[in-house]
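Report on the structure given below.
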Amino acid sequence: MQALYEGKAKRLWATDDAQVLRMEFKNDATAFNGEKKAQFENKGRLNNTISTLIYGYLERCGVPTHFVKQLDDTNVLVKKVEIVMVEVIIRNYSAGSFCKRTGLEEGKKFSQPIIEYSLKSDELGDPLVNDDYIRELGLATIAEMQFLRTSALKVNEILSDLFAKAGLRLIDFKLEFGRLASDPSTIVLADEISPDGCRLWDLATGEKMDKDRFRRDLGGVMEAYEEVLKRLQEQP
Ligand code: UDP
């Protein structure tokens, strides 16, 4: 059997149900638009387990997601969606490309969250776009963009609070959304939420607990992911 789709960190497989896919988390890690590559034992399991825990939590908080159920360590069933080709990034503190673009030092708290969008295109290096670009490129309607913005802000509130309880500061993160194959007028949260796509700093020490450990060769990448999982599992 061949995967329907293979990305940098996951594969998608068909199931008996035309509306449901199996999403497999790989052990591959990439950064800088695929230029830096490595493999980490247990990465697939850790990201799958963390993402499953977070999507379950978001569902319980009333946020619709593609999540159906976890199958095993590295596989989860998800609703089939057509991905909106826009990455939604929320920033609570300055970091990463925000600092590169503006010269601001890392770790400054914003008065309100910043939302930004980038085109989901490896070929173009995920360029920054705005609502007008998205509308004119036909990637999403004005109403869909409003929904994405409202949902992303809601997810940010829920997750900032959840991570804070786990002793972690949610610096920034990336979300992807999809239109349900069974009903394209319904948009749900898709992809994954894990330390691959979030910046998480230890509240007490400021230590980085996310993919920046890989990007910056800080070592202890999987140890940090394991600690994030442990702390989330300790939450009631
Ligand atoms: N991010 C991601 N995938 C991308 C780009 C960004 O998951 O293709 C996440 C990244 O891990 C960080 C946040 O979105 O938590 C903001 O990333 P930034 O724009 O600073 O980009 P970076 O330079 O870190 O790739």
Side-chain angles (χ1 to χ4, degrees), residues 5-10 23 25-26 28-38 40 43-44 46-48 50-51 54-55 65-66 83-110 112-130 133-134 139 148-149 151-153 155-156 158-160 162-164 166 168-178 189-202 206-218 221-222 224-225 228 232:
Y5 169 85
E6 176 150 8
K8 293 190 283 260
K10 295 186 292 292
M23 187 163 83
F25 288 74
K26 303 193 286 183
D28 299 332
T30 64
F32 311 120
N33 203 21
E35 277 170 39
K36 182 170 179 169
K37 288 192 183 106
F40 291 98
K43 177 171 180 283
L46 288 165
N47 278 356
N48 186 27
I50 291 170
S51 193
I54 290 175
Y55 276 43
T65 78
H66 69 161
I83 290 286
V84 178
M85 295 305 277
V86 172
E87 298 189 343
V88 181
I89 288 165
I90 309 278
R91 302 181 185 276
N92 296 308
Y93 292 79
S94 58
S97 64
F98 181 90
C99 295
K100 254 186 245 138
R101 205 176 293 129
T102 61
L104 194 74
E105 65 187 283
E106 208 177 50
K108 290 282 168 206
K109 189 177 189 339
F110 297 125
Q112 289 180 50
I114 289 180
I115 300 199
E116 64 185 52
Y117 307 105
S118 61
L119 200 59
K120 201 172 144 54
S121 163
D122 287 341
E123 207 184 8
L124 299 174
D126 296 346
L128 194 67
V129 290
N130 66 19
Y133 281 51
I134 293 166
L139 300 177
L148 259 47
R149 187 184 168 87
S151 303
L153 286 172
V155 170
N156 183 42
I158 296 167
L159 293 190
S160 292
L162 174 70
F163 283 122
L168 295 164
R169 174 167 290 147
L170 180 57
I171 301 295
D172 59 27
F173 62 105
K174 186 254 309 179
L175 296 176
E176 290 185 28
F177 292 86
L189 203 55
D191 194 49
E192 66 175 292
I193 299 183
S194 74
D196 268 11
C198 300
R199 284 196 173 88
L200 298 165
W201 295 0
D202 185 279
E207 200 184 349
K208 296 182 195 307
M209 307 287 283
D210 54 62
K211 199 163 97 174
D212 271 351
R213 300 203 71 83
F214 169 60
R215 291 189 187 97
R216 300 185 185 192
D217 296 319
L218 300 175
V221 184
M222 287 306 102
Y225 284 36
V228 169
L232 287 174

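Order of appearance sets the numbers: ligands from 1, and atoms from 1 within every ligand. This chain uses plain numbering: 1 for the first residue, then up along the sequence.
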- Do Lys208 and Arg199 pass the side chain to side chain contact (heavy atoms under 4.5 Å, CB included) test, and can you show the C-alpha distance, the side-chain angles, and the key distance before you say yes or no? CA-CA 7 Å; Lys208 296 182 195 307; Arg199 284 196 173 88; over 6 Å; no

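With hydrogens left out, the protein atom closest to atom 21 (O) of ligand 1 is Ser97 OG, 3.6 Å, a heavy atom. Given atom 1 (N) of ligand 1, the protein heavy atom at minimum distance is Lys174 CB, 3.7 Å. The protein heavy-atom contact nearest to atom 10 (C) of ligand 1 is Arg215 NH2, 3.5 Å. Protein heavy atom nearest atom 6 (C) of ligand 1, with residue, atom name and distance: Ile89 CD1, 4.1 Å. For atom 24 (O) of ligand 1, the closest non-hydrogen atom on the protein side is Arg199 NH2, 2.4 Å. For atom 4 (C) of ligand 1, the closest non-hydrogen atom of the protein is Glu87 OE1, 3.5 Å.
Residue Asp126 approaches ligand 1 through these ligand atoms, each under 4.0 Å from one of its heavy atoms: 8 (O). Heavy-atom contacts of Asp196 reach the following atoms of ligand 1: 7 (O), 11 (O) (cutoff under 4.0 Å). Distances below 4.0 Å separate heavy atoms of Gly96 from the following atoms of ligand 1: 20 (O).
Neither the backbone nor the side chain of Ser118 has any atom closer than 4.0 Å to an atom of ligand 1 (non-hydrogen atoms only). At a heavy-atom distance under 4.0 Å, only side-chain atoms of Arg91, from C-beta outward, approach ligand 1.
Judged by distance alone, the side chain of Asp210 and the main-chain N or O of Leu200 form a donor-acceptor pair under 3.5 Å.
Salt-bridge formation is not detected for the pair Glu106/Arg91: no Lys NZ or Arg NE/NH1/NH2 atom is positioned less than 4.0 Å from an Asp or Glu carboxylate oxygen.
For atom 15 (O) of ligand 1, the nearest non-hydrogen atom from the set Leu200, Leu170, Asp172 comes from Asp172.
Asp196 and Tyr225 are linked by a side-chain donor-acceptor pair at a separation below 3.5 angstrom, with hydrogens and angles left out of the test. A side-chain N or O of Ser160 and one of Asn156 form a donor-acceptor pair less than 3.5 Å apart. In this model, no donor atom of one side chain and acceptor atom of the other lie less than 3.5 Å apart for Asp126 and Asn33. In this model, no donor atom of one side chain and acceptor atom of the other lie less than 3.5 Å apart for Ser121 and Glu123.
Phe214 carries Lys36 over the face of its six-membered ring, with the cationic atom under 6.0 Å from the centre and within 45° of the normal.
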